[in-house]
J.: 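Dropping the structure in here first, questions after.
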Amino acid sequence: MIKVDLTGKNAVVTGATRGIGFGVAKALAMSGAKVACIGTNEEKLKESVAEICAGGGEAKAFVCNVADSAAVSEVASAILAEYGRVDIVVNNAGITRDMLMRRITDEMWDDVINVNLRGTFLVTRAFVESMRKGKWGRIINISSISGLIGNAGQANYSASKAGVIGFTRTVSKELGNRNITVNAICPGFVDTDMTRVLNPVLIQGIKDRIPVGRIGSPEDIANAVLFFASPDSSYVTGQVLTVDGGLIM
Ligand code: NAI
């Protein structure tokens, strides 16, 4: 893990129950931050938080659907009441509803845009005032290489992730003068529950196109998050970092 000192910082990670979000929450907590872990599955979220605490980190579970505006406002009030201030927000919660574009239903479109894009907006907006007041902040949005180059069968997902990039670049321009950086990470192919459901032949095909010779891990993405979260990366904002092992598309 990259060494970053986040002692005294309070962080929020969405989708922290498992996969990349859990890896990110763990890495932030192990770096000294207090971490508010947001997820939808209360039981699993509590298990993940317990694991972080057992490892010596400080974390708390907050159940919330990031696509629900009222729920996000409510959870933001609860987190701010608990920690007083939020310094780091990692918008990681995301879903896929893969299908060829001509067969995507209205519901499949809306579900993906609402969690991945609207959720990123709602959570960022909910904590931005706290960061502005503190005159320090780090907003890190998890996009995807699908948002950069597209991927057949993922029109809804790619559109949501491209939207996250546009959102990131714009918000970085609005908040730069407050010492708040806003950056996005585009993971390539990472071994999580989201990708484990894919056909093994397809997974092998992707692996064959990764020059570093392996599928990514949540820790690989967490290391990039730590860089952006660090007090030392204050001159880096509005950037989109691809973390994909050099995947040849
Ligand atoms: P995952 O499916 O393992 O975990 C997603 C997390 O988001 C879960 O904790 C889930 O409970 C949470 N979540 C889903 N809907 C939510 C909602 N409405 N409100 C709050 N939490 C919600 O997925 P994974 O692979 O860990 O992905 C994390 C992020 O990384 C996603 O944004 C995904 O799009 C992105 N990503 C993943 C890649 C991969 O290869 N696994 C590649 C590129 C991007």
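Atoms within each ligand, like the ligands themselves, are counted from 1 in listed order.
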J.: Tell me which residues fall inside the under-4.0 Å heavy-atom shell around ligand 1.
T.: G15, T17, R18, G19, I20, T40, C64, N65, V66, N92, A93, G94, I95, V115, I142, S143, S144, Y157, K161, P187, G188, F189, V190, T192, D193, M194, T195

J.: Do N116 and S160 pass the side chain to side chain donor-acceptor pair (under 3.5 Å) test, and can you show the C-alpha distance, the side-chain angles, and the key distance before you say yes or no?
T.: CA-CA 6 Å; N116 300 6; S160 74; 3.1 Å; yes

J.: Salt-bridge test for E47 and K44: reply yes if a basic N is under 4.0 Å from a carboxylate O, no otherwise.
T.: no

J.: Only pairs at least two apart or in different chains count here, so list each salt bridge (charged side-chain N to carboxylate O under 4.0 Å, His left out) that has a residue in residues 206-217.
T.: R214-D220

J.: Main chain of S158, side chain of S146: is a donor-acceptor contact present, judged purely on distance under 3.5 Å?
T.: no

J.: Check D191 with R196, please: is the shortest side-chain N to carboxylate O separation under 4.0 Å?
T.: yes

J.: State whether E42 and K46 are salt-bridged, where the test is any N-O pair (Lys NZ or Arg NE/NH1/NH2 against Asp/Glu carboxylate O) under 4.0 Å.
T.: yes

